[in-house]
S.K.: 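Dropping the structure in here first, questions after.
Side chains included, hydrogens not; waters and symmetry mates left out as well; all remaining heavy atoms used.
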Amino acid sequence: MQDLCTMVHLCYCLFLVLSPLIELKDSQIIFCTDVVSAMLIRATGQNLRLAYLRSLESLDLVKQIEVSGDIAALIYLCNPFTIVACVGLSTSPIENMAVILCLYGACSRLIPLAAFGWVIATHLSLYPAILIIPVIFLLGCGPDSPPRKLFLQRHQQKEVLNQSKLPPRFSWGPVIHFAFWAFLWSVYVLVLCGISLKQFGGLWEMFKSTYGFILTVEDLSPNIGVLWYFFAEVFEFFRNFFLIVFHVNILFMILPLAIRLRHRPCYLAFVYVAICSMLKSYPSVGDSALYLGLLGWFVNELADMQFSLFLFCGYVGVSLLSPVMHNLWIWRGTGNANFYFATAMVYACLQIVLVVEGVSAMLNHDRKLRNLITGKPQDAKS
């Protein structure tokens with residue numbers, strides 16, 4: 001499966017290079033990008049299921065888990081957000097594929113591929129830079145597994161410590177290898193950008209027009225986020241202060257989540273992507289398509305998550321009402337900004353509930369595994 005997905009990715013890169021020669025339409029390129037992303041999600045989900053099944057076997061816990069990433073691939077490929085992003089010819093599917101490629105490479109121990117995906121994702125959009133933390137955990141410790149202390153408790157009960165059944169300790173070798181390849185790919189991308197933009201102001205002008213544009217929130221056109229409305233109303237004197245508050249708010253969540261979910265790096269990547277989708281300057285429906293696809297990797301662990309029906313109905317309602325309110329305000333002129341901003345606020349609240357309840361459900365899942373090992377009674381089915 002790894003060789004197949006690597007071959008598919010190489011064919012896709014060749015496909016992008018030859019697309020101007022064979023006169024393919026942009027919609028066809030975007031659709032092929034989504035298909036490749038779905039295949040990479042499926043392969044990564046299969047790797048995660050196999051690794052998690054081995055972890056449960058090491059804990060002497062027999063649990064039937066479908067060793068497949070089909071659900072995650074179908075969620076990503078068939079959900080309305082992916083379809084809308086494809087029909088709208090958005091570039092978000094390309095950014096999503098770079099993020100998925102990074103996670104796939106890290107799970108499969110293909111370090112050059114992981115570094116390439118991370119560099120390209122960061123180059124296209126600043127926010128995937130924080131994914132370096134789950135990538136480091138993936139390379140240093142391996143895919144998602146129960147906490148290491150559960151393995152120690154289980155083997156202490158047997159009074160026999162089998163090192164072969166313990167999860168590997170953190171290793172800096174793959175991380176250093178990743179840093180080398182990330183530096184190499186970064187230099188390569190910057191050199192190419194410098195050559196192509198030499199007559200347009202060089203790299204400084206590129207950084208100013210891309211990362212600077214993201215950080216300063218200069219364009220206040222309505223979108224599904226909340227920053228455009230806030231900065232349209234805030235006094236200019238306080239603008240820089242609130243810019244710092246909104247951007248640093250993402251950074252404040254990185255360390256606590258990394259400490260608590262360090263044994264589940266792929267789930268940590270999902271949480272980071274969802275948080276960035278909430279707080280980024282210019283969000284799109286393609287961001288939702290990405291984190292919902294990543295969420296499909298953990299359908300077994302999140303089976304007992306609360307408010308699932310509420311979240312599903314909320315996403316459906318926002319998907320239907322948001323274009324209606326946008327049409328009433330922008331095109332028909334029969335509404336005002338509050339019509340559309342109300343749906344944006346509901347959308348942000350749904351994402352907050354999804355992240356909070358998702359993290360709580362994953363921690364409860366780990367707690368149930370611990371209760372199974374220690375023999376404590378449980379109130380819910382594990």
S.K.: I need the full list of side chain to side chain donor-acceptor pair (under 3.5 Å) pairs touching residues 77-103, with sequence neighbours left out, sorted by first then second residue.
M.R.: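 Every side chain to side chain donor-acceptor pair (under 3.5 Å) pair that includes a residue of residues 77-103, provided the two are not neighbours, is Asn79-Thr82, Ser90-Ser92.
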S.K.: Taking the side chain as every heavy atom from C-beta outward, state whether Leu295 and Ile75 have any atom pair closer than 4.5 Å.
M.R.: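 Sidechains of Ile75 and Leu295: no contact.
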S.K.: Which atom pairs, one a donor and one an acceptor, fall under 3.5 Å between side chains of residues 179-195 and the rest of the protein, sequence neighbours left out?
M.R.:
from   : atom 1 : to     : atom 2 : distance (Å)
Trp181 : NE1    : His177 : NE2    : 2.8
Trp185 : NE1    : Pro112 : O      : 3.2
Ser186 : OG     : Ala182 : O      : 2.7

S.K.: Hey, are the side chains of Phe339 and Val324 touching, using non-hydrogen atoms and a 4.5 Å cut-off?
M.R.: no
S.K.: Kindly list each side-chain donor-acceptor pair under 3.5 angstrom involving residues 277-284, sequence neighbours excluded, with atom names and distances?
M.R.:
from   : atom 1 : to     : atom 2 : distance (Å)
Ser277 : OG     : Val273 : O      : 2.9
Lys280 : NZ     : Asp287 : OD1    : 3.3
Lys280 : NZ     : Asp287 : OD2    : 3.3
Ser281 : OG     : Tyr127 : OH     : 3.1
Ser281 : OG     : Ile214 : O      : 2.6
Tyr282 : OH     : Glu218 : N      : 3.2
Tyr282 : OH     : Asp219 : N      : 3.1
Tyr282 : OH     : Asp219 : O      : 3.4
Ser284 : OG     : Gly286 : N      : 3.4

S.K.: Are Arg49 and Glu301 ion-paired here, with the side-chain N under 4.0 Å from a carboxylate O?
M.R.: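 Salt bridge between Arg49 and Glu301, a charged N being under 4.0 Å from a carboxylate O: yes.
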S.K.: Could you pull out all donor-acceptor pairs under 3.5 Å where a side-chain atom in residues 313-323 meets a protein atom, sequence neighbours excluded?
M.R.:
from   : atom 1 : to     : atom 2 : distance (Å)
Tyr315 : OH     : Tyr291 : OH     : 2.7
Ser319 : OG     : Tyr315 : O      : 2.6

S.K.: Test side chain to side chain contact (heavy atoms under 4.5 Å, CB included) on Ile133 and Leu257; report intermediate values, then the result.
M.R.: CA-CA 10 Å; Ile133 295 179; Leu257 289 170; over 6 Å; no
S.K.: Can you check whether Leu290 reaches Ile100 side chain to side chain, under 4.5 Å on heavy atoms?
M.R.: yes
S.K.: When you group the ILVMFWY residues by side-chain heavy-atom contacts below 4.5 Å and let the links chain together, are Val226 and Val355 in the same group?
M.R.: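 Yes; Val226 is reachable from Val355 via cluster members.
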S.K.: Holding to side-chain contact (heavy atoms from CB on, under 4.5 Å), I want the full list of residues that pass it with Ala98, two or more places apart in sequence or in another chain.
M.R.: Ile120, Ala121
S.K.: Only pairs at least two apart or in different chains count here, so list each salt bridge (charged side-chain N to carboxylate O under 4.0 Å, His left out) that has a residue in residues 250-272.
M.R.: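 The answer is Arg264-Asp366.
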S.K.: Find out whether Ile130 and Cys276 are in side-chain contact, i.e. whether some heavy atom of one side chain is under 4.5 Å from a heavy atom of the other.
M.R.: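 In contact.
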S.K.: Report all side-chain donor-acceptor pairs from residues 235-251 shorter than 3.5 Å, counting only partners two or more places apart or in another chain.
M.R.:
from   : atom 1 : to     : atom 2 : distance (Å)
Arg239 : NH2    : Thr216 : O      : 2.6
Arg239 : NH2    : Val217 : O      : 2.5
His247 : NE2    : Leu215 : O      : 2.9

S.K.: Hey, is the main chain of Gly225 close enough, under 3.5 Å, to the side chain of Trp228 for a donor-acceptor pair?
M.R.: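 At least one qualifying donor-acceptor pair exists.
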S.K.: Taking side chain as C-beta onward, heavy atoms only, is Phe178 less than 4.5 Å from Leu138?
M.R.: no
S.K.: Quick one: ring pair (Phe, Tyr, Trp, His ring centres under 6.0 Å) partners of Phe341, sequence neighbours excluded?
M.R.: Tyr229
S.K.: List in chain and number order the residues that pass ring pair (Phe, Tyr, Trp, His ring centres under 6.0 Å) with Phe270, two or more places apart in sequence or in another chain; answer none if no residue qualifies.
M.R.: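 In terms of ring pair (Phe, Tyr, Trp, His ring centres under 6.0 Å), with neighbours along the sequence ignored, Phe270 is linked to Tyr267.
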S.K.: How would you list, by chain and number, every residue that makes a ring pair (Phe, Tyr, Trp, His ring centres under 6.0 Å) with Phe312, sequence neighbours excluded?
M.R.: none
S.K.: Using the rule that Ile, Leu, Val, Met, Phe, Trp and Tyr join whenever any side-chain heavy atoms are under 4.5 Å apart, tell me whether Ile224 and Ile83 fall into a single cluster.
M.R.: no
S.K.: Test of understanding: with ring pair (Phe, Tyr, Trp, His ring centres under 6.0 Å), list the residues that count as partners of Tyr211, not counting sequence neighbours.
M.R.: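 Listed in chain order: Phe207.
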S.K.: Check side-chain hydrogen bond (donor to acceptor under 3.5 Å, both in side chains) between Tyr76 and all other residues, then give those that pass, not counting sequence neighbours.
M.R.: Asp34
